2 protein chains.
Amino acid sequence: MPLPDFRESAGPLPCAGGKGNSIPEATVARLPIYHRVLTAMAEQGIITVSSEELATACGVTSAKLRKDLSYLGSYGTRGVGYEVEFLGYQIARELGLTSPWGVVVVGVGNLGRALVSYRGFASRGFRILGLFDSHPDVVGSTVAVVDRSFTVRPVEELAEVVADQGAHIGVITTPADAAQDIAERMVKAGLHSIVNFAPVVLNVPTDVEVRKVDLAVELQVLAFHEQRRKNPAGSVVTELDPQRSVSGDRKAMNA
Amino acid sequence: MPLPDFRESAGPLPCAGGKGNSIPEATVARLPIYHRVLTAMAEQGIITVSSEELATACGVTSAKLRKDLSYLGSYGTRGVGYEVEFLGYQIARELGLTSPWGVVVVGVGNLGRALVSYRGFASRGFRILGLFDSHPDVVGSTVAVVDRSFTVRPVEELAEVVADQGAHIGVITTPADAAQDIAERMVKAGLHSIVNFAPVVLNVPTDVEVRKVDLAVELQVLAFHEQRRKNPAGSVVTELDPQRSVSGDRKAMNA
DNA sequence: AAGGGCTCGTGCACGAATGCACAAAGTTGA
DNA sequence: TCAACTTTGTGCATTCGTGCACGAGCCCTT
C-alpha cells in the first residue's frame, strides 16, 4: 500500500547512506571461518593467498568470499591476492578480537568442562573470568585448564564477577530446566550476549542477543535429509491418512 | 606441503530431488524447535494451541510459523488452532523421527561424554550405536549413560559397526587435527551425514552433508555485536591506516 | 439456520543473500 | 614503456526468506 517514495540516494548500494558500513549478518557469520583459516595459513608461513584458494579452504565460493571481504574494505591487491597476515588482522579487528572479551560459564558438567578446556578459547580473543554452578557438590571444586585452574563458584556470585571483572559474554551449559533462570541472572548482571547450549528457547529482552547451539537440532536436520535420501520424492504419505482430510482421522496416530 | 586443497560440499544441497513438496532449508532448521516445544506442551496436558501461542513459545513470529507449517500440510483448524499431539507427530514424521536413526560418536573427551549423556538423544529418535576413540588409554573404558553403558572401541572398528548395525549419522568430537581423518573414515564406512564439533572445515564428497557446530564462531559473532554496541557507527578506523591506501603501510600492524 | 468472531492458510511485496560476469587495477615480461 | 596476464571489487539478475494483510473456513451463539 504505501508505495515506497523514491529514495534520493543516488546509488543502490546499501551502505552508502547515513550509518557508515553495515555488514550483512550472513557475512559476519562467515568471518570467523576466514579468520581461522588465515591464522592456520599464517602459521604455515603462507604469505599471500588468492580469493580462489582461500575460498576453497573455507568451503565457500570465491565470489562470495570476495563480496564478504569487500564489506571490510579493499584489502586485496589485484593480480596478486590477499596478504594472509594483514587480512587476518583486519578481520580480527572487525570482529573485535584485538582486545579480549571476558566470558563467564554457568554449568560445570561435562559440557562446561569441555568448553573451558577448549584451546581456541584464549587464543582467539576470549578470556574466561569465572565458572559457576548451582549444585553444592560441584561448587568449590577446581577445573584445570592448560595454563590456569578455576574454582567453581556459586551462581549467586555471578553478578559480582560480571561487575567487578567486566565480563561481556555468558555461556549457559546447564540442564534445560535451569537455563531460563540463569539467563535472567545474566541479564540482570548486565550481560547482553549469551550462548545457550541448553535445549530450551530463552526468553530475554530484545537488547540481549542469544545464540543457540543445539545438538538435537543438527541431528534432526540430518535425519530429515537422510529420510529424503531414502524416500526419493513424494512417497512420504503412504500408509497414513492417504487423502489428508483435515478434520478426519487425526487420532489414528495413537491407534 | 601447503594446506590440503579443501573442497567442502558447500551449502545444503538443493533438497529438491524430484519436485513436489520441497521444504525450504530455513523451515527444516526450525521444525526441531517446534517439535520440542510441542512435546513439552503435550507433557503439560495442553490439547490445542494457536499459531500465536506456539510462535511465542518458539521465539518466532506467528506468520513465519504458519508458513512453515503450511509446507507440511493443512494440519490446523481455523478458528481454533493446532492440536498439540497431532501436530507434533506430523512434524516428527516429516523429520524422520518415527523410527530411530543409528549414531556413532568418535572422540570420547569431555565433549563426547557430554553429548552421549544428553537426555534428549534417545527420546528424540536417535540411538547411539558406538563410541570410538583412537587414544589407547581411552579405548576399552566404559561410559555410563542413564540406562546403558558403552565400551569405547578403537576407530578401526568404525566401519564394522556402521555396516553391521546400520548407523546413519556420525558425530565428530575429536580435536581439530584428527577430524579430517575421522571424516574420511566415516565416508568410507558409508555414512552420508556428519555433525562436526571440531573447529576445522571438513573436506568431503558432495553427497555427504556436514553440519558444523562451533563455539568459537558463536563467540566471535557475539563479540562483533558487542563491539558495535560500543563503537556506535564508523569510528572503527581510528588509529591505524587513516587514509586506507591500498598498498601502503600494511606491515604497520606488526610494529 | 444464520450471523459473528476467531484463527488458519496464502498471495504478494519487500529485503537479504547468492552467483555471474566484467571492468578496474595491479604485476610480469619484453 | 607497453602489452598481456592475473585477480580483485562490484553492478546486476536471480533466488531465497520474511512479513503483511486478507480471504477462507471452522466454531459458537442466538
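Residue numbering restarts at 1 for every chain, and letters A, B, ... go by the order of the sequence lines. All values below were derived from every heavy atom in this structure, side-chain atoms included, with hydrogens, water molecules and symmetry-related copies excluded. Bear in mind the structure is a predicted one, so any value in this text is a computation, not a measurement.
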Where the side chain of [X] is concerned, which of [options] is the nearest nucleotide?
X     : options                : answer
B:S70 : D:dT10, C:dT10, D:dG19 : C:dT10
B:E25 : D:dT18, D:dT10, D:dG17 : D:dG17
A:S74 : D:dG19, D:dG17, D:dG9  : D:dG9
A:A26 : C:dA17, C:dG9, D:dG19  : C:dA17

Considering just the side-chain nitrogens and oxygens of [X], establish if one lies under 4.0 Å of OP1 or OP2 belonging to [N].
X     : N      : answer
A:T77 : C:dG26 : no
A:Y82 : C:dG26 : no
B:K67 : D:dG19 : no
B:S51 : C:dT7  : no
A:S50 : D:dT7  : no
A:R30 : C:dT18 : yes
A:R66 : C:dA24 : no

Expressed in angstrom and rounded to an integer, what is the separation of [X] atom [atom1] from [N] atom [atom2]?
X     : N      : atom1 : atom2 : answer
A:E53 : D:dT7  : CD    : P     : 8 Å
B:D68 : C:dG9  : CG    : P     : 12 Å
B:K64 : C:dT10 : NZ    : C1'   : 17 Å
B:L65 : D:dC20 : CG    : C1'   : 16 Å
B:Y71 : C:dT10 : OH    : C1'   : 10 Å
B:L54 : C:dC8  : CG    : P     : 9 Å
A:L87 : D:dT8  : CG    : C1'   : 12 Å
A:E52 : D:dT8  : CD    : P     : 9 Å

**Item:** Side-chain heavy-atom pair B:M186, B:I172 within 4.5 angstrom cut-off
**Value:**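 In contact.
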
**Prompt:** Measuring from B:L72:CG to B:R93:CZ, what's the distance to the nearest 0.5 Å?
**Reply:**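 Here the interatomic distance stands at 9.0 Å.
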
**Item:** Nearest-0.5 Å distance that lies between atom CG in B:L115 and atom CG in A:L111
**Value:**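 It is 7.5 Å, given to the nearest 0.5 Å.
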
**Asked** Is it true that B:Y75 and B:Y82 have ring centroids separated by less than 6.0 Å?
**Response**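 That pair fails the under 6.0 Å test.
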
**Message:** With a 3.5 Å cut-off and heavy atoms only, can you find an N or O donor on one side and an acceptor on the other between the side chain of B:R78 and the base of C:dT7?
**Reply:**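 It does not, because no donor-acceptor pair links the side chain of B:R78 to the base of C:dT7 below 3.5 Å.
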
**Message:** Apply side chain to side chain donor-acceptor pair (under 3.5 Å) to residues B:T48 and B:E83 and explain how you reach the verdict.
**Reply:** CA-CA 4 Å; B:T48 61; B:E83 206 168 318; over 6 Å; no

